[in-house]
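Every heavy atom of this structure was used, including side-chain atoms; hydrogens, water molecules and symmetry mates were not.
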Amino acid sequence: MNRILTISSLNKRFGSLLAVRDFSLTLDKGEVLGIFGANGAGKTTLIRMIIGLTKPTSGEYIVATGSRIGYMSQSFSLVGTLTVLENFEFYGALYNLPWQEFIDQRDRFINHFKMDEYLNVRADRLPAGRKQLLAFSISRLHSPTLLLLDEPTSGLDLLNRKRLWEAVRDAANEGIAILVSTHYLDEAFHCDNMVMMEHGAIKAYGKPVDLAAKAGGDLINLFLEEMK
């Protein structure tokens, strides 16, 4: 069974505001599922429920038994006063990784993202793109089964967005199930499937090329139509 995440009729209310409404989807091993929507659409609230930071008002979500969850928040959340190396060491200890596994994983990401010249730089002094690549590396340090990325490319230039999406696809090719939120339309085409989210609800779901085809080849037209 390749099913990693099942969400059924999930709702989250904050007072009179229904931030997530009747939300259902599934996510399989090796699948990249994109959640597209404007700010305030409910993307972050959805992810925060899945990782347990926010309790659903109703509905449920089920993560496959034995799964490990990796999480990259929308805002930079690593320890800014620690260097790149120290952040790796801190989170390796937090995840209680065996020493050799930690070394292998740390060196893997340092080499892959060419971080050598930044190893002794404080995290809060890194360029924006390097901060995001470091945060992504830390989210994968403990070899998660399910990876939740909340607008990971927000604020990045095109080159660093490309680098991070290449890393996302590499993770999926290793069998990791990935849920990633974005407000960039072009990023939809890096996903296997996507959800268009508005006011907490699913307005459209399917493969990006199919959604584009329904809009005459223009995904922007589909989004504008769904916003009416």
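Considering only residues two or more places apart in sequence or on other chains, Lys162 meets the salt bridge (charged side-chain N to carboxylate O under 4.0 Å, His left out) condition with Glu166. Under the rule for a side chain to side chain contact (heavy atoms under 4.5 Å, CB included), the partners of Ser9 that lie at least two apart in sequence or sit in another chain are Asp22, Ser24. Contacts of Asp107 classified as side chain to side chain donor-acceptor pair (under 3.5 Å), with partners at least two apart in sequence or in another chain: none. Qualifying side chain to side chain donor-acceptor pair (under 3.5 Å) partners for Ser137, counting only residues two or more places apart in sequence or in other chains: none. Residues meeting the side chain to side chain donor-acceptor pair (under 3.5 Å) test with Thr81, sequence neighbours left out: none. Scored by the salt bridge (charged side-chain N to carboxylate O under 4.0 Å, His left out) test, Glu31 finds no partners at all (sequence neighbours excluded). Scanning for salt bridge (charged side-chain N to carboxylate O under 4.0 Å, His left out) contacts around Asp192 gives Arg169, with sequence neighbours left out.
Residue pairs meeting the salt bridge (Lys or Arg N to Asp or Glu O under 4.0 Å) criterion with at least one member in residues 124-140, sequence neighbours excluded: Arg122-Asp124, Arg140-Glu174. Counting only residues at least two apart or on different chains, no salt bridge (Lys or Arg N to Asp or Glu O under 4.0 Å) pair has a member in residues 81-98. Within the structure, the ring-ring contact (aromatic ring centres under 6.0 Å, His included) test picks out the following pairs touching residues 158-177 (sequence neighbours left out): Trp165-His190.
Of the possible donor and acceptor atoms, one in the side chain of Ser181 sits under 3.5 Å from a partner among the backbone N and O of Glu151.
Neither side chain, Asp150 nor Ser73, offers a donor N or O lying under 3.5 Å from an acceptor on the other.
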Pair up each side-chain donor or acceptor in residues 114-121 with any protein partner under 3.5 Å, not counting sequence neighbours, and list the distances.
none

Would you list the atom pairs, donor with acceptor, under 3.5 Å between side chains in residues 13-21 and any protein atom, with sequence neighbours excluded?
unit_1, atom_1, unit_2, atom_2, d
Arg13, NH1, Ser16, O, 3.4
Arg21, NE, His199, O, 2.9

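Between Leu25 and the choices Asn193, Val195, Thr6, the side-chain contact (heavy atoms from CB on, under 4.5 Å) rule is met once, by Val195.
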